[in-house]
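Have a look at the structure below before the remarks.
Chain letters run A, B, ... following the sequence lines, proteins first and then strands; every chain starts at 1.
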2 protein chains.
Amino acid sequence: MAGVSVASVSRFINSPDKVRAETRERIRLAMQECNYRYNYVAKVFATQRTQTIGLVIPTITNTVFADSTRGLQDEATRRGYQVLMVNADYDPDAEGELVRHLLERQVDGLVITASDPHGAIAGELATAGIPAVFLYSTLSEGPVSSVGIDNERGGFDATAHLADLGHERIAMLAGSFTSSDRSRHRYDGYRRCLSERGLEFEPGLVVEIPYGLEHCREGVARLMEAAQPPTAIFASNDLMAIGVMGELRAFGLSVPRDVSVVGFDDVLMSSYVAPRLTTIRQPVYEMGRRAAQMVLDALDRGGQSVPRHLILDHELVVRESTASLRRA
Amino acid sequence: MAGVSVASVSRFINSPDKVRAETRERIRLAMQECNYRYNYVAKVFATQRTQTIGLVIPTITNTVFADSTRGLQDEATRRGYQVLMVNADYDPDAEGELVRHLLERQVDGLVITASDPHGAIAGELATAGIPAVFLYSTLSEGPVSSVGIDNERGGFDATAHLADLGHERIAMLAGSFTSSDRSRHRYDGYRRCLSERGLEFEPGLVVEIPYGLEHCREGVARLMEAAQPPTAIFASNDLMAIGVMGELRAFGLSVPRDVSVVGFDDVLMSSYVAPRLTTIRQPVYEMGRRAAQMVLDALDRGGQSVPRHLILDHELVVRESTASLRRA
DNA sequence: ATGAAAGCGCTAACAT
DNA sequence: ATGTTAGCGCTTTCAT
């Protein structure tokens, strides 16, 4: 239509300076006239590269994942990559499914917040043949790279803060261990703190619930209707901590007067709720950025690289939801 | 490798029953041996159909969009489609960009929460040549289908609730009009209510801010530091309403004792914050489901169909953040 | 600066 | 039940 070959059109699209101005104009006109639309799928098919990194997150409902995704997205965009995000709803089986799906879609790299980085997913990633990194998990070894914080120490620090305030009956409301190794590691830290402080561990003070605000009611009920209810609750993440505070109020209990609550993540919302939530801050934007960096760097090096395990610093942020124990 | 043609392999993948059991086994073995991975991109390229519907949302940080996306996702999955979600960060220019991007990616249909369905995006969609629907907007006509609620009436109802409680100085903290026609329509309803109730409209009582919790501080400051501060605030959405409540507390003000607050959306979080938020509920899951339904139905009919404009019911949910005006 | 042509991995129509 | 083959729209190498 423009009287040129497809090669010239391709050049026009990808490096306009390689085609004469006059030809450029002819092509532009023809494109306009026939309402040309570039077919990205054909390009990917031809080049075998999508310039896309696949991202698997546990849920879209907890905004931490939105925040880390932003970091990942920014870094990817900066380096000419896109990100294809899918959520697994905290379901380990779905994770494998989604990874396969992303692989079929020819993503160039993968970052995943997995339920269990030691589970089946590890093998899946190992054979994928593209750079992959685990995000959020605490890993110090293994064939696939990772970036996260030390969740065990985070759990320890949260619990220690409560112990420092004089609490002895400290409960943990944990997101289900099978759907999150972070929850398990935070629990490990909780246990270690209890033992180091000489506090007795009571199985009844740990309740494991599925992730999500809507499951907090039952968890809080189990905790507070016991013969000896806790005076402080450590929740696996801020979302659930906010859920806990809501349910505590429904029980006629006041935070922090009757019970102290600490969360994990330091989601923006946590500075806005009443009372403002004490929590463990994770540098999530930075974590997302670093994860992208790792897969992009590997890609730059031709896909091959030694696995790295990056553990960033977390930080206790004391706000209004925790207070000294009032002795009866 | 299995001694069969590519056609048989294709059949094996897409309709295994069309190939003899013995051949099936040979293929399976060969696949295993050479670590075969299906190339989805090639399939899309060959068939010219992605079985994917593109979704553009304003932000991933407000969980309403997560909720409507779930409805959309469920319906799509049920009918064998996937959804490719991208977020525009409330930027009208980004919306156009993303739509073009999705089109290049050959999505079969499009659903978009647009800043302004009457803006440039409308033309973009009209020429796209694939089914598209606007989600969340109040539209009763136009070439592209839509599903939403009556945002003007929603804004009216929110304001009327405050007026019914005796408030006369009712402010609106609005998400920027240029990035959301919903905000504009809710504002229109606010204005109509004021006028119907014989309440004087004061420009100083309307402040427009960018979306996001982090911008609420300035908005609340502008409102409450005025000579005659409002006794009630209607916020464009729940997220901002929660932000408002947080900032009001920072000002030493109590909700609802000193000022009443009403939001919009009825996000799950709104039942957990303190005080529990009074708001206008949108049936967002259903909205997402219906949007998917519309594009999928159009696709089933071969892409052609008359535009439909669906307006679902909203509902005022009265909780704890609003109270009768205490006269000085 | 431009053109010719091979090739990316699959599907689908047709033939056997 | 299986094989043959054209073709999807682009990139890229090699010629000119």
Side-chain angles (χ1 to χ4, degrees), chain A residues 1-52 80-82 100-108 128-130 299 302-303, chain B residues 1-52 80-82 100-108 128-130 299 302-303:
Chain A
M1 189 162 160
V4 300
S5 71
V6 294
S8 288
V9 178
S10 182
R11 276 187 281 263
F12 170 79
I13 292 167
N14 296 297
S15 34
D17 42 307
K18 283 188 183 164
V19 15
R20 199 157 32 126
E22 191 217 323
T23 318
R24 233 162 24 211
E25 191 53 19
R26 282 218 309 285
I27 296 177
R28 212 184 49 71
L29 250 41
M31 277 186 168
Q32 201 156 50
E33 193 165 346
C34 70
N35 210 285
Y36 171 82
R37 174 111 55 204
Y38 183 75
N39 187 330
Y40 185 80
V41 173
K43 170 234 178 73
V44 166
F45 182 52
T47 58
Q48 305 290 85
R49 306 201 73 214
T50 46
Q51 301 273 92
T52 296
Y81 276 72
Q82 293 144 8
R100 273 189 295 280
H101 181 79
L102 291 170
L103 254 18
E104 288 187 355
R105 290 223 174 198
Q106 311 296 107
V107 295
D108 297 331
I130 59 172
L299 249 18
Chain B
M1 191 162 159
V4 300
S5 70
V6 293
S8 287
V9 176
S10 181
R11 276 187 282 262
F12 171 78
I13 292 167
N14 297 297
S15 34
D17 42 309
K18 282 187 184 164
V19 15
R20 198 160 31 129
E22 192 217 322
T23 318
R24 243 177 357 228
E25 191 53 19
R26 282 218 309 286
I27 296 177
R28 211 183 51 70
L29 250 41
M31 278 185 167
Q32 202 156 51
E33 194 166 345
C34 68
N35 211 286
Y36 170 82
R37 176 112 53 203
Y38 184 74
N39 186 329
Y40 185 79
V41 173
K43 171 236 179 72
V44 167
F45 181 52
T47 58
Q48 305 290 83
R49 306 199 74 213
T50 47
Q51 302 272 96
T52 297
Y81 276 72
Q82 294 145 8
R100 274 189 296 281
H101 181 79
L102 290 170
L103 255 19
E104 288 187 353
R105 289 223 175 200
Q106 310 295 106
V107 294
D108 297 331
I130 59 171
L299 249 17

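- Mapping B:Val19 and B:Thr47 onto DNA chain D by nearest heavy atom places B:Val19 at the nucleotide closer to the 5' end.
- In this structure, CZ of B:Phe45 is placed 15 Å from P of C:dG7, rounded to the nearest angstrom.
- Residue A:Gln48 places at least one side-chain N or O closer than 4.0 Å to OP1 or OP2 of C:dG9.
- The nearest pair of heavy atoms linking B:Val41 to A:Val44 is CG1-CG1, 3.7 Å.
- Using a 4.0 Å heavy-atom distance criterion, A:Val4 is classed as a sugar-phosphate-only contact.
- Contact annotation for A:Tyr36: backbone-only contact, meaning every heavy-atom pair under 4.0 Å involves sugar-phosphate atoms and none involves a base.
- B:Thr50 and B:Arg105 get closest at one heavy-atom pair: CG2-O, 3.5 Å.
- If you measure from atom NZ of A:Lys18 to atom P of D:dT11, you get 12 Å, rounded to the nearest angstrom.
- Rounded to an integer number of Å, the gap from CG of B:Asn39 to P of C:dG7 is 18 Å.
- The distance from atom CZ of A:Arg11 to atom C1' of D:dT11 is 10 Å, rounded to the nearest whole Å.
- Nearest nucleotide to the side chain of A:Lys43, out of D:dT11, D:dT2, C:dC10: D:dT11.
- Looking at heavy-atom distances under 4.0 Å, B:Tyr38 makes contact with sugar-phosphate atoms alone, never a base.
- Within 4.0 Å (heavy atoms only), B:Val9 reaches no atom of the nucleic acid at all.
- No donor-acceptor contact under 3.5 Å links the side chain of A:Arg37 to the base of D:dG9.
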Show your reasoning for whether side-chain contact (heavy atoms from CB on, under 4.5 Å) applies to B:Tyr38 and A:Arg100. CA-CA 9 Å; B:Tyr38 184 74; A:Arg100 273 189 295 280; over 6 Å; no
Please step through salt bridge (Lys or Arg N to Asp or Glu O under 4.0 Å) for the pair B:Arg26 and B:Glu22, ending with a clear verdict. CA-CA 7 Å; B:Arg26 282 218 309 286; B:Glu22 192 217 322; 3.3 Å; yes
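- A straight line from OH of B:Tyr40 to C1' of D:dC8 spans 15 Å, rounded to a whole angstrom.
- Rounded to an integer number of Å, the gap from A:Phe12 CZ to C:dA1 P is 15 Å.
- Rounded to whole Å, the distance from CG on B:Asn14 to P on C:dA12 is 7 Å.
- As rounded to whole Å, 12 Å separates atom C1' of C:dG9 from atom CE of B:Met31.
- Considering only side-chain N and O atoms, B:Ser8 lies under 4.0 angstrom from the phosphate OP1 or OP2 of D:dG3.
- Comparing B:Ala7 and A:Val6, the nucleotide of DNA chain C nearest to each residue sits closer to the 5' end for A:Val6.
- The two residues A:Val9 and A:Val4 come nearest to each other via the heavy atoms CG2-CG2, 3.9 Å.
- Regarding contacts with the backbone of C:dT11, a side-chain N or O of B:Ser10 is found under 4.0 angstrom from either OP1 or OP2.
- Under 3.5 Å, the side chains of B:Thr23 and B:Arg11 contain no donor-acceptor pair of N or O atoms.
- Phosphate contact (OP1/OP2 of D:dT2, side-chain N/O of B:Arg20, threshold under 4.0 Å): present.
- For B:Thr23, the listed nucleotide lying nearest its side chain is D:dT2; candidates were D:dG7, D:dT2, C:dG3.
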